[in-house]
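Sequence lines set the chain letters: A, B, ... in the order given, protein chains first and strands last, and positions in each chain run from 1.
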Number of protein chains: 2
Amino acid sequence: MQKIDHKDCQASLLPIRDAMDVINGKWKLLIYISIANGNSRFREIERSIPDISSKVLAKELKELEANQLIKRTVYDATPALVEYTATEYSKGLGDVLTALKDWGTRHRNQIMSKA
Amino acid sequence: MQKIDHKDCQASLLPIRDAMDVINGKWKLLIYISIANGNSRFREIERSIPDISSKVLAKELKELEANQLIKRTVYDATPALVEYTATEYSKGLGDVLTALKDWGTRHRNQIMSKA
DNA sequence: TACAGCAGTTACCTGTTGGTAAGCAGTTAA
DNA sequence: TTAACTGCTTACCAACAGGTAACTGCTGTA
């Protein structure tokens, strides 16, 4: 009888849970990608993501900032000028995004072909 | 003036959205990992994941099956014997899991050190 | 003067997620 | 006989994600 290595399993659960806490939800990664691609102004980001609302965008931006993935800079001008940029630190997400994008593409095909 | 490549951006959004639809939520990846690590029985999986309830587990297992990440096999015995196993297809998730685990570990340190 | 843009905020409402607790039919062990 | 195991399901409820719409103060433009 095989013994299952529960330590290995448990060791994976925690980091994955941590990661998911940050990128969870319908919008966070999409917003991050938009910013990483060069969109920096609130309305610009809003327009770049289909169907997102101001309210959700504002809320998610705060969470992304709290997790140090983006930086919010306010320029002292009238009317207020605010810029969102991806942090150096956030570049570490690159592998996650690549893996998700690749798998998402393949999975779409898989599900479509069987439907 | 730089033109932002909105095509590149939009091209990433869709696959990522597809991927997130599947792995979104607090529990799905944790359940998948538990099964991939060798836990196959309902109660066994339940016990391997801290704080999960029967109700949530049952619901999530159905979704994982619908997405072809796990297979549910019922053996004709009394009392009923059910086995959950990771599908060959689901192995494609490997890169995603590795990336998430690595980043989750690093991110935990990052946030902890600044708190 | 009127409208559009900026960066959001507020109020209200719905749908999903998820937690708690109990229970079911059948079997085995004490 | 009682208790505990199996693989779930049901009822009830709370919290939160997310959608809709209106509105703010300020400025530049027609």
- prompt: Between atom CD1 in B:I52 and atom P in C:dG19, what is the gap in whole Å?
  reply: 8 Å
- request: Indicate yes or no: at least one non-hydrogen side-chain atom of B:M20 is less than 4.5 angstrom from one of A:L30.
  value: no
statement: One should read off an interatomic distance between A:L69 CG and A:L64 CG, to the nearest 0.5 angstrom, of 6.0 Å
task: Rounded to the nearest angstrom, tell me the gap between atom CG in B:L30 and atom P in C:dG18.
output: 10 Å
statement: Whole-Å distance, A:I45 CD1 to C:dA7 P, equals 9 Å
task: First locate atom NZ of A:K62, then atom CG of A:L57, and finally report the distance between them rounded to the nearest 0.5 Å.
output: 10.5 Å
query: Just wondering, do A:D21 and B:K26 contact through their side chains at under 4.5 Å, heavy atoms?
result: no
- line: Atom CD1 of A:I35 and atom P of C:dA7 are separated, to the nearest Å, by 12 Å
message: From CE of B:M20 over to P of D:dA17, roughly how many Å is that when rounded to an integer?
response: 14 Å
message: Each nucleotide in nucleotides 2-9 of chain D should get exactly one letter: B, S or -. Can you fill that in based on protein heavy atoms under 4.0 Å?
response: ----BBBB
query: Of the non-hydrogen atoms in B:S12 and A:I33, which two are nearest, and what is the gap between them?
result: CB-CG2, 4.2 Å
message: Using whole Å, what does the distance between atom C1' of nucleotide C:dG18 and atom CZ of A:R17 come to?
response: 12 Å
query: When all nucleic acid strands are considered with a 4.0 Å heavy-atom cut-off, which category describes B:E60: base, sugar-phosphate, or nothing?
result: sugar-phosphate
- prompt: Distance check: side-chain N/O of A:W27 vs OP1/OP2 of D:dG19, anything under 4.0 Å?
  reply: yes
query: Between atom CD1 in A:I23 and atom P in D:dA17, what is the gap in whole Å?
result: 15 Å
message: I'd like to know if B:R43 pairs up with B:E46 as an ion pair, taking the criterion as any Lys NZ or Arg NE/NH1/NH2 lying under 4.0 Å from an Asp or Glu carboxylate oxygen.
response: yes
message: Check this for me, if you would: do B:E63 and B:K28 make a salt bridge, where the nitrogen-to-carboxylate-oxygen distance has to be below 4.0 angstrom?
response: yes
Basic-acidic side-chain contact under 4.0 Å: A:E44, A:R47: no
- prompt: Where is the tightest heavy-atom contact between A:G104 and B:D18, given as atom of each residue plus distance?
  reply: O-CB, 4.1 Å
Bend angle of the helix from C:dT1-D:dA30 to C:dA30-D:dT1, from helix axes over five pairs at each end, nearest 10°: 10°
field: Integer-rounded Å distance: C:dA7 P and A:N39 CG
entry: 12 Å
